[in-house]
Number of protein chains: 2
Amino acid sequence: MAATEPLTAERILRATEEVLRRHGPAKATVVDVARALGVSHGSVYRHFRTKAALREAVTKRWLDRTSEALSGIAADADRDPESRLRDWLATLFAAKRRKAGDDPELFATYSVLAGEQGEAVAEHIADLTGQLTRIVAAGVDAGAFRAADPEATAWAVFRATACFHDPAYAPEWKTPGADADFAALVDLLVQGLRA
Amino acid sequence: MAATEPLTAERILRATEEVLRRHGPAKATVVDVARALGVSHGSVYRHFRTKAALREAVTKRWLDRTSEALSGIAADADRDPESRLRDWLATLFAAKRRKAGDDPELFATYSVLAGEQGEAVAEHIADLTGQLTRIVAAGVDAGAFRAADPEATAWAVFRATACFHDPAYAPEWKTPGADADFAALVDLLVQGLRA
DNA sequence: CAGCTGACAGATATTGAAATCTGTCAGCTG
DNA sequence: CAGCTGACAGATTTCAATATCTGTCAGCTG
């Protein structure tokens, strides 16, 4: 028999995701995770102090995967700010919609998790609005956008598009007019930003 | 003893509101309503075919109260469209915030009710976006706004401001920066609308 | 001795029996 | 006879007993 792999936080997180996928957020227990790994649940508590901490770590991972895809667009200083903004918003919407459509149950699971993790979600939102702020500020610097306070404006853009990234609105993302609605809203916002 | 007042739909609705206020949406029963009125619950079913129909009627009433306050602004053809739009949005936000702040439990009760009444809520939203469409269209006619499709644009404005009228965001309405955030968003949208 | 186990106390969730509620309707009442 | 009552069947909710889970820790193991 091969030597047992060491029990790492990474392995626990992967097992937790699997358990969440199978059982859903309400029924997933630490005992289930330990069983899936073939260890005692006491061992899991060696890596994560509480069940809440474990759930938060899983949530953070999931949120960070979205942030990373977008940070590339936000940081691409070569492209003009308006197309970067449009691309960033479209990519965010597309990513959320794909996740919600591909595996609705898993998406619902993560939405529940996100709902209980005020802290992790707040950080994620701060990260995203930070990226938006950089795009808006770049636009102001380039003379393409007009914004007295780029941070406040970025926040306004983020909130204005909440319908297209807040999981609460997920059911509406697959309705026929969603793309047209999204395009109309982005056009309106970009128009409002132009110098 | 005075003759017993006749049992009208109106009296039942008032009693139902009172029961909902006292017991909350989960525990309010038709039997409670009948008891509050001093009649048998069978009599309530004479006016409302089901409990769901009764709840829907109460919800509709509550939603209509908001619509009416706004319809005056939307219909006031004498004022210039931009100030009407700003006023309309500010009034909607103020009304929602006041209701949520004055009696959070009652607001939560109605939010739950609204959540189960897809039909009534859809009508209410259609009513509100209809009012918005009229304001936008008036602006286009007056040459103040530019919008290829006033209805689509009105819908975009409504969605963009969802954070300031969707009950799901109510907890954020009392945070310090809420007014500034609202003002920034409205400025951005109005800027985008201008011809 | 670092890492894991498994028994334990208190907290939380599940279960099934009993109570209550919804919706109907035959008949009472004014 | 129009409007109300109250008993009823089936659905839903409540409640308390039972089972499971969370988080800890003394001690085992390699």
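Each chain gets a letter, A, B and so on, in the order its sequence line appears, and its residues count up from 1. Keep in mind the model is a prediction, meaning the values are calculated, not measured.
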Atom-pair distance ([atom1] on [X]; [atom2] on [N]), nearest Å:
X: A:D32; N: D:dT22; atom1: CG; atom2: C1'; answer: 13 Å
X: B:H23; N: C:dT20; atom1: NE2; atom2: P; answer: 14 Å
X: A:R35; N: D:dT22; atom1: CZ; atom2: P; answer: 10 Å
X: A:F48; N: D:dT22; atom1: CZ; atom2: C1'; answer: 16 Å
X: A:K27; N: C:dT15; atom1: NZ; atom2: C1'; answer: 13 Å
X: A:R49; N: D:dT24; atom1: CZ; atom2: P; answer: 9 Å
X: B:Y45; N: D:dC8; atom1: OH; atom2: C1'; answer: 14 Å
X: A:R55; N: D:dC21; atom1: CZ; atom2: C1'; answer: 13 Å

Taking the cut-offs as 6.0 angstrom to the six-membered ring centre and 45 degrees off its axis, would you call A:R159 and B:F164 a cation-pi pair?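 Checked: cation-pi criterion met.
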Salt bridge (charged side-chain N to carboxylate O under 4.0 Å, His left out) test vs A:E17 passes for just one of A:R22, A:R55, A:R61, namely A:R61
Per the atom types in the model, does the base of C:dG23 pair as donor or acceptor with the side chain of B:H41 at under 3.5 Å? yes
Would the base of C:dG6 count as contacting A:S40 through its side chain, where contact means a donor and an acceptor less than 3.5 Å apart?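 Such a pair is found, so the answer is yes.
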Would you mind classifying the nucleic acid contact of A:S43 as base, sugar-phosphate or nothing, using non-hydrogen atoms under 4.0 angstrom?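 The answer is base, as A:S43 lies within the cut-off (heavy atoms under 4.0 Å) of a base atom.
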Counting the atoms with a prime plus P, OP1 and OP2 as sugar-phosphate, which does A:V31 contact under 4.0 Å by heavy atoms, base, sugar-phosphate, or nothing? base
Gap separating the CZ atom of A:R84 from the CZ atom of A:R86, nearest 0.5 angstrom: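 Separation between the atoms: 14.5 Å.
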Considering heavy-atom distances to DNA chain C, does B:K51 or B:R46 have its closest nucleotide positioned more toward the 5' end?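 Of the two residues, B:K51 wins.
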Does [N] have a Watson-Crick or wobble partner in any strand here, with both distances under 3.5 angstrom, and which is it?
N: D:dA7; answer: C:dT24
N: D:dG30; answer: C:dC1
N: C:dA17; answer: D:dT14

Using a strict cut-off of less than 4.0 Å between a Lys/Arg side-chain nitrogen and an Asp/Glu carboxylate oxygen, indicate whether A:R97 and A:D179 qualify as a salt bridge. yes
The side chain of B:V39 lies closest to which of these nucleotides: C:dT22, D:dT5, D:dG23?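 For the B:V39 side chain, the nearest candidate turns out to be D:dT5.
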Apply the side-chain contact (heavy atoms from CB on, under 4.5 Å) test between A:L92 and each candidate in A:D87, A:T66, A:I73; give the one that qualifies. A:T66
